[in-house]
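The first residue in the sequence is number 1, and the count goes up from there.
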Amino acid sequence: MVSYSKASEDYNYLCFSQSPFVYSPMVIQCETVLEKEGSSMADNVYSTDYAYYSGTSNKKVEPAVFSAKIGKYPIVIELAFDQLLPVVVGTYYYRKQGPENRMIVHGERLDDQRIELWARDPNFSETDTESFSLTISDDEISGNWYRRGKVQSVTGRKY
C-alpha cells in the first residue's frame, strides 16, 4: 500500500517484505509471496511480486511488459509510466536467470516514444550500473543497452 502527498512530497507505505524503491513520484514495491507451504520453513516455496505505484495519482500502475533481447540474451522488461510526469520505473530480468533476479530500472520519458533508463541490481548495489536508450513505438521496443563501455542492441515486442 503506497500513498503520496503532493503538498509535503512525502510517501507513506506499508511494506510486507523488502523496502520499496522510490524514484519520485513513482514507487516499486517488492513483496515476498508464499506460493506453496511445505512441511517446514525450508520446504516453503516463495516468489516475489512487484507492484508499481504513481505518487501523482496515488494508484497502482499496470506496467507495459515486453519480451525482448539484449544482444542475443532474452529478457523480460516491465515499464510503468506516470500519467502526469515524464517518469518511468520498472524491472527487467534475463529469462535464463528467472524473475527472482530482477534489475530495477528508472528514468525519464524524453518524448512520446523515447525513454532513457538507468538500472541497478538491488541485491548488490545502491548505484546504477547500466543504462538504456530506448524507443517504444506501437507494440515494439528497440534501442541500446550500455554497461562499462559495452553496447548491445535491444529489440522486442509487447506481450
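- Residues forming a side chain to side chain donor-acceptor pair (under 3.5 Å) with Tyr52 (at least two apart in sequence, or on another chain): Glu78, Thr91.
- Annotation: side chain to side chain donor-acceptor pair (under 3.5 Å) contacts of Glu116 (sequence neighbours excluded): Ser133.
- Ile104 is not listed as a side-chain neighbour of Tyr23, based on a closest heavy-atom distance of 4.5 Å or more.
- By the salt bridge (charged side-chain N to carboxylate O under 4.0 Å, His left out) test, Arg95 pairs with no residue at all, sequence neighbours left out.
- Linking Ile, Leu, Val, Met, Phe, Trp and Tyr residues whenever their side-chain heavy atoms come within less than 4.5 Å places Tyr50 and Val61 in a single cluster.
- Taking Ile, Leu, Val, Met, Phe, Trp and Tyr as members and joining any whose side-chain heavy atoms lie under 4.5 Å apart, directly or through other members, the hydrophobic cluster of Ile70 also contains Phe66, Tyr73, Ile75, Ile77, Leu79, Phe81, Val88, Tyr92, Tyr94, Met103, Val105, Ile115, Leu117, Phe132, Leu134, Ile136, Ile141, Trp145, Val154.
- Summarising the geometry, atom OG belonging to Ser67 is positioned 4.5 Å from atom OH belonging to Tyr159; distances are rounded to the nearest 0.5 Å.
- Apart from Leu110 itself, the hydrophobic cluster it occupies contains nothing, where clustering links Ile, Leu, Val, Met, Phe, Trp and Tyr at side-chain heavy-atom distances under 4.5 Å.
- Nearest approach of Pro74 to Lys69, heavy atoms of both residues: CA-CG, 4.0 Å.
- Every residue two or more places apart in sequence or in another chain was checked for a salt bridge (charged side-chain N to carboxylate O under 4.0 Å, His left out) with Asp138, and none qualifies.
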Output, in order, the C-alpha distance, side-chain angles, deciding distance and verdict of side chain to side chain contact (heavy atoms under 4.5 Å, CB included) for Phe124 and Thr129. CA-CA 10 Å; Phe124 297 105; Thr129 57; over 6 Å; no
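- Closest heavy-atom contact between Ser137 and Gln113: CB-NE2, 3.6 Å.
- In terms of heavy atoms, Gln97 sits closest to Glu100 at O-OE1, 4.3 Å.
- Here the OG-CG distance, from Ser57 to Leu84, works out to 7.5 Å after rounding to the nearest 0.5 Å.
- Not counting sequence neighbours, the partners of Glu140 by the salt bridge (charged side-chain N to carboxylate O under 4.0 Å, His left out) test are Arg157.
- Residues satisfying the side chain to side chain donor-acceptor pair (under 3.5 Å) criterion with Glu35, sequence neighbours excluded, are Ser47.
- Looking at Asn44, its side chain never comes within 3.5 Å of a backbone N or O of Glu37 through a donor-acceptor pair.
- Across every non-hydrogen atom of Lys60 and Ala51, the tightest pair is CE-CB, 3.9 Å.
- Nearest heavy atoms, Gly107 versus Trp118: CA-CZ3, 3.5 Å.
- Under the 4.5 Å side-chain contact rule for hydrophobic residues, Val76 and Ile28 do not share a cluster.
- Of all heavy-atom pairs spanning Gln152 and Gly71, the tightest one is OE1-CA, 3.2 Å.
- Distance OG/Ser131 to CG/Asn144: 9.5 Å, rounded to 0.5 Å.
- For Asp121, there are no side chain to side chain donor-acceptor pair (under 3.5 Å) partners at least two apart in sequence or on another chain.
- When the salt bridge (charged side-chain N to carboxylate O under 4.0 Å, His left out) test is applied to Arg120, the partners found at least two apart in sequence or on another chain are Asp128.
- Among residue pairs with one or both ends in residues 103-115, those qualifying as salt bridge (charged side-chain N to carboxylate O under 4.0 Å, His left out) are Asp111-Arg114; sequence neighbours excluded.
- In this structure, the side chain to side chain contact (heavy atoms under 4.5 Å, CB included) partners of Ser40, at least two apart in sequence or on a different chain, are Ala42, Asp43.
- For the pair Pro25 and Asp82, the minimum side-chain heavy-atom distance is below 4.5 Å.
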